[in-house]
Amino acid sequence: MNEINNKRKFLTTHEWVQMQDDGSAKVGISDFAQDQLGDIVFVELPEIGQQIEAEDEAAIVESVKAASEINSPLSGEVIAINEELEDNPEIINSSPYDDGWFYQLSPSNIEELDSLLDEEEYINSCES
Amino acid sequence: MINFHGWEMPIHYGSQIKEHEIVRNTCGIFDVSHMTILDFSGDQSKSFLRRLLSNDIEKLKENSDGLYSAMLNDKGYVLDDLIVYKMEFGYRLIVNCATRDKDMSWINENLINWDVSMKERPDLSILSVQGPKTDEVLSRIKNDLFITGLNKRPFSGTCMDQTLVTRTGYTGEKGVEIVLSEEEARILWEELLSAGAYPIGLGARDTLRLEAGFNLYGNEMDETISPLECNMDWTVDLDDMNRNFIGKSSYIDKKKQASHSIQKGLIFEEKIIVRPGQNIHFEENGSYQGTVTSGSYSPTLKKPIALARMSMNNNDYCYAQVRGKKIRAKITKPKFLNL
């Protein structure tokens with residue numbers, strides 16, 4: 001796996017995806033998103049085995065403020081979900097890029113990565 | 001920070017839920033200087049306010065005593081909710097910030113031909129100190145007035161010069177609200193922080209009041225809602241038959257009707273927050289029976305809760321549909337904690 005592919009990539013709608021060494025991809029939401037949402041109290045995760053299309057709704061987060069759809073940055077099959085979030089959704093606030101990951105998928109079209117934003121582009125999109 | 005009707009105010013100072021828990025467990029402070037203070041003086045102040053307000057200020061015996069009341073329009077609907085205090089100079093109303101302009105023009109219209117003058121007090125600030133450890137925090141400040149205020153019964157208080165301290169609040173916890181000059185408020189804020197109080201934002205203010213079952217103007221009631229429909233019937237005082245307050249006859253007409261909406265509490269088992277505007281049904285696919293007026297997450301119960309205005313009923317459960325999912329709510333009294 002080359003270095004570039006290991007970097008987190010983003011959707012303008014604030015989801016991130018990061019390729020893992022085994023070729024799977026982890027998905028979560030950005031630090032900017034968790035900060036905007038405020039305290040997250042509930043999460044609805046996808047089912048293991050579920051097929052998801054890129055940019056389709058894959059999960060829902062509810063903060064005290066609002067409910068938000070989480071769109072999948074990549075297409076593929078869900079192979080793991082972060083069950084820890086069911087009881088401790090506040091992990092998303094405290095560790096959005098590490099312990100607060102949502103689900104892991106086996107990507108069906110790795111080229112979709114090319115259309116995502118890199119971190120700098122994403123941060124610029126948040127500021128604009 | 002958000003712009004709240006012209007006031008720059010924090011939703012939270014870090015975490016809304018932590019702030020909520022601080023007020024339930026220790027002591028939090030709120031800067032609620034956005035609330036509008038209106039002072040009434042003149043010989044006819046008492047008679048005027050007995051006409052303006054649905055609750056009867058005849059109940060206010062001592063200076064600094066407060067009374068929660070609605071201000072109704074001619075149709076008997078709620079123009080605003082407020083607290084009225086008896087003061088040495090007359091009376092003080094503390095009304096909502098969002099309704100300031102509307103309230104002041106309504107009062108001015110009704111003031112014509114009365115020997116009463118109304119004065120807004122933008123020079124005064126309001127700090128609210130709330131939580132079970134309020135007495136510890138206030139005793140560290142060594143200001144006798146605050147302790148005297150805290151030891152009064154709810155809705156009573158004490159006053160010295162510009163400073164009014166009352167046993168009131170919007171959280172359901174023991175605490176005081178302190179009205180004082182802006183300059184003194186800045187100093188007191190810092191003193192309270194040093195004494196162990198935590199600053200609390202608007203977000204926790206909303207979940208605290210919701211758990212305590214307190215109404216929020218614009219959510220639970222507005223100019224189309226009768227006090228009967230928003231659990232404010234107890235604030236309408238009909239004891240003095242000779243007292244003719246604004247909206248009285250319309251209110252009584254509505255009260256005589258066999259059926260009107262009522263306000264209830266809802267507790268949800270599913271991990272889905274049901275937000276304001278959501279429709280309520282009594283059967284799973286039943287007809288429209290009501291609307292959620294406030295809905296959020298209860299940090300104390302760790303469940304979604306809501307206030308809803310609905311048809312009269314004795315049901316134990318009702319239903320809502322959120323994001324295509326049918327969810328059931330237990331119908332409770334509109335108060336979620338044993339405060």
Side-chain angles (χ1 to χ4, degrees), chain A residues 13-15 28-48 50 52-53 55-72 78 81-100 102-103 126-127, chain B residues 1-2 4 9-24 198 200-211 216 219 267-278 292 294-306 320-327 329 336:
Chain A
T13 48
H14 311 292
E15 297 83 357
I29 63 167
S30 73
D31 189 40
F32 178 85
Q34 70 77 20
D35 188 55
Q36 290 291 306
L37 284 166
D39 290 315
I40 292 166
V41 291
F42 300 128
V43 186
E44 271 179 58
L45 296 171
E47 310 254 323
I48 291 174
Q50 191 179 328
I52 295 176
E53 291 295 311
E55 299 195 31
D56 276 2
E57 179 187 310
I60 289 170
V61 280
E62 286 226 47
S63 72
V64 275
K65 231 190 234 173
S68 305
E69 290 176 6
I70 303 307
N71 303 317
S72 192
V78 177
I81 55 172
N82 187 358
E83 285 170 4
E84 194 69 15
L85 300 183
E86 304 267 2
D87 291 326
N88 300 299
E90 67 277 8
I91 298 171
I92 300 165
N93 291 113
S94 57
S95 179
Y97 293 129
D98 295 303
D99 298 340
F102 279 53
Y103 61 92
C126 292
E127 283 166 357
Chain B
M1 299 290 265
I2 56 153
F4 188 78
M9 296 185 71
I11 299 267
H12 57 78
Y13 292 84
S15 161
Q16 174 174 337
I17 289 179
K18 284 202 186 94
E19 288 166 24
H20 182 108
E21 288 165 351
I22 284 166
V23 175
R24 288 275 176 258
Y198 293 84
I200 312 294
L202 279 178
R205 184 166 161 83
D206 191 50
T207 49
L208 287 159
R209 71 91 194 167
L210 181 58
E211 283 186 346
L216 173 62
N219 281 43
I267 301 177
F268 299 88
E269 296 302 329
E270 299 243 17
K271 292 181 166 186
I272 292 178
I273 297 178
V274 180
R275 314 246 173 206
Q278 177 70 51
V292 168
S294 289
S296 192
Y297 173 76
S298 162
T300 307
L301 301 179
K302 305 206 185 310
K303 286 176 184 170
I305 56 170
Q321 191 167 340
V322 182
R323 298 192 291 271
K325 213 171 184 175
K326 286 191 186 68
I327 53 174
F336 300 95

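Note on naming: letters A, B, ... go to the chains in the order of the sequence lines (proteins, then strands), and numbering restarts at 1 for each one.
Of all heavy-atom pairs between A:Ala58 and A:Ser72, the closest is CB-CB, 4.1 Å. Listed here is the closest heavy atom pair of B:Val322 and B:Val274: CG2-CG2, 4.0 Å. Listed here is the closest heavy atom pair of A:Gly28 and A:Phe102: CA-CD1, 3.8 Å.
Looking at heavy atoms from C-beta onward, A:Glu84 lies in side-chain contact with A:Ile91 at the 4.5 angstrom threshold. The shortest side-chain heavy-atom distance between A:Leu45 and A:Val78 does not fall under the 4.5 Å cut-off.
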Between chain B and chain A, which donor-acceptor pairs sit under 3.5 Å apart?
| from | atom 1 | to | atom 2 | distance (Å) |
| --- | --- | --- | --- | --- |
| A:Asp39 | OD1 | B:Ser15 | OG | 3.0 |
| A:Asp39 | OD2 | B:Ser15 | OG | 3.0 |
| A:Asp39 | OD2 | B:Gln16 | N | 2.7 |
| A:Asp39 | OD2 | B:Ile17 | N | 2.6 |
| A:Glu44 | OE2 | B:Arg323 | NH2 | 3.2 |
| A:Glu62 | OE1 | B:Arg275 | NH2 | 2.7 |
| A:Glu62 | OE2 | B:Ile273 | N | 2.9 |
| A:Glu62 | OE2 | B:Arg323 | NH2 | 3.2 |
| A:Ser63 | O | B:Arg275 | NH2 | 2.8 |
| A:Val64 | O | B:Arg275 | NH1 | 3.0 |
| A:Lys65 | O | B:Arg275 | NH1 | 3.1 |
| A:Ala66 | O | B:Arg275 | NH2 | 3.4 |
| A:Glu86 | O | B:Lys271 | NZ | 2.8 |

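The CG atom of B:Leu301 lies 12.5 Å from the CZ atom of B:Phe268; values are rounded to the nearest 0.5 Å.
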